[in-house]
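Quick notes on the structure that follows.
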Amino acid sequence: MQFRDLQRQYEVLRPQIDEAVSRVLSSAHFIGGAEVRELEERLAKWVGRKHCVACGNGTDALQLVLMAWGIRPGDAVFVPDFTFFSTGEVVSALGAVPVFYDVCADTFNADAESLEKAIQAVKREGKLRPAAIAGVDLFGLPIDADALEAVARRHGLPLLEDAAQGFGGEYKGRRCCSFGNTSITSFFPAKPLGCYGDGGAIFTDSDEEEALLRSLCVHGKGATKYDNDRIGMNSRLDTIQAAVLLVKMDALETYELRDVNAVASWYDEILRDTEVITPTVPREWFSSWAQYTVRLRDREQRDRVQAAMKERGIPTMVYYPKPMHSQKAFGPESHVVGCPVTEMLSAQVLSLPLHPYMDRETVETVTSALQECL
Ligand SMILES: *Cc1c(COP(=O)(O)O)cnc(C)c1O
């Protein structure tokens, strides 16, 4: 059994993907080919933003936004404690400090109250300048955009939506990648919209920010290729990946989002009366189900169940076993408020196999094994 069956997806999409890739090979426009622009225009329109700037991967996308915002040493950027390492890493990479705030136990997503407390604590201490907020659409579920946007407005801070896992999700009629000031996504193969290598994109409504991002992506270029106005990066989505993504976007729009939601609802239905806690999707939220993550009693039970599932040939993952605030890479200045929910979740969570090509029988194999292992 596959945790996320990318081979099956390729079998289904093979004729279109092979055709698209060979078209790029014949054109020899490997960088900046027409497919890149076509993808950017299509995705911007789909998520509801004015601009999309494709780049090398989701981590670069995060860093490029913070560079465009002028994040520098002495700045504090507020980051959820329960997320993938990148969201905090890019802050430290620019010499600023990621300050971690807690998440909600039911949605795994940013807790606006904890964020408020963290901002107040940093202001009270007076050592760092509050500079920006990051929210993360964890496991495919959109952030509570209204709540986070309200905190951002109250403090005059820009909000960055990390939708690396959220692409395809929806919140009160708005699509992921359209929340806050600027959003990013990742096209890493296992994400809801994945390519066949690394890739990422940034979404913004601001014309100036778009121009600045396009410069930062290509060595800070100015009016011509050999004018460099600022220090940037080399971060581009290559044409082959864009061609693959255009085919995969058709699949995502027409049936993958629907089908992955059906798989999640089978899990919900079968696991409803067991001792595991199933993920919550609040009313008016729509998840793209990057992961289906359940909660077990404690670390001991979780680790034991995971090992027993492995013996039965069923792959599971722990996203994430450690709160960001206890990663060695970050200093004590990152830890201004307690994050007890993240500590609890990192001991309890277990992500089950899930993808749009999974049938009900496979879901039943997973749930029966899970119940035996409990
Ligand atoms: C995957 C991921 C990233 C990084 O994306 P890459 O394309 O792998 O660099 C950033 N944030 C979150 C929440 C992610 O899941």
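Whatever order the structure lists ligands and atoms in, that order sets their numbers, starting from 1. Note that the numbering runs from 1 along the sequence shown for the chain.
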Only pairs at least two apart or in different chains count here, so list each ring-ring contact (aromatic ring centres under 6.0 Å, His included) that has a residue in residues 4-53.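 Every ring-ring contact (aromatic ring centres under 6.0 Å, His included) pair that includes a residue of residues 4-53, provided the two are not neighbours, is W46-F167.
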
Distances under 3.5 Å, N/O of ligand 1 against N/O of the protein: list each pair and its distance.
from     : atom 1 : to   : atom 2 : distance (Å)
ligand 1 : 5 (O)  : S186 : OG     : 3.4
ligand 1 : 7 (O)  : G58  : N      : 2.8
ligand 1 : 7 (O)  : S186 : OG     : 2.7
ligand 1 : 9 (O)  : N57  : OD1    : 3.4
ligand 1 : 9 (O)  : G58  : N      : 3.4
ligand 1 : 9 (O)  : T59  : N      : 2.9
ligand 1 : 9 (O)  : T59  : OG1    : 2.5
ligand 1 : 11 (N) : D162 : OD1    : 3.4
ligand 1 : 11 (N) : D162 : OD2    : 2.8
ligand 1 : 15 (O) : Q165 : NE2    : 2.7
ligand 1 : 15 (O) : K191 : NZ     : 2.7

List the residues meeting salt bridge (charged side-chain N to carboxylate O under 4.0 Å, His left out) with R283, not counting sequence neighbours, and say none if there are none.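 Not a single residue meets the salt bridge (charged side-chain N to carboxylate O under 4.0 Å, His left out) criterion with R283.
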
N/O donor to acceptor pairs below 3.5 angstrom from side-chain atoms of residues 121-128, sequence neighbours left out:
from : atom 1 : to   : atom 2 : distance (Å)
K123 : NZ     : H155 : ND1    : 2.9

Any salt bridge between [X] and [Y], counting N to O under 4.0 Å?
X    : Y    : value
R14  : E11  : no
R42  : D250 : yes
E149 : R153 : no

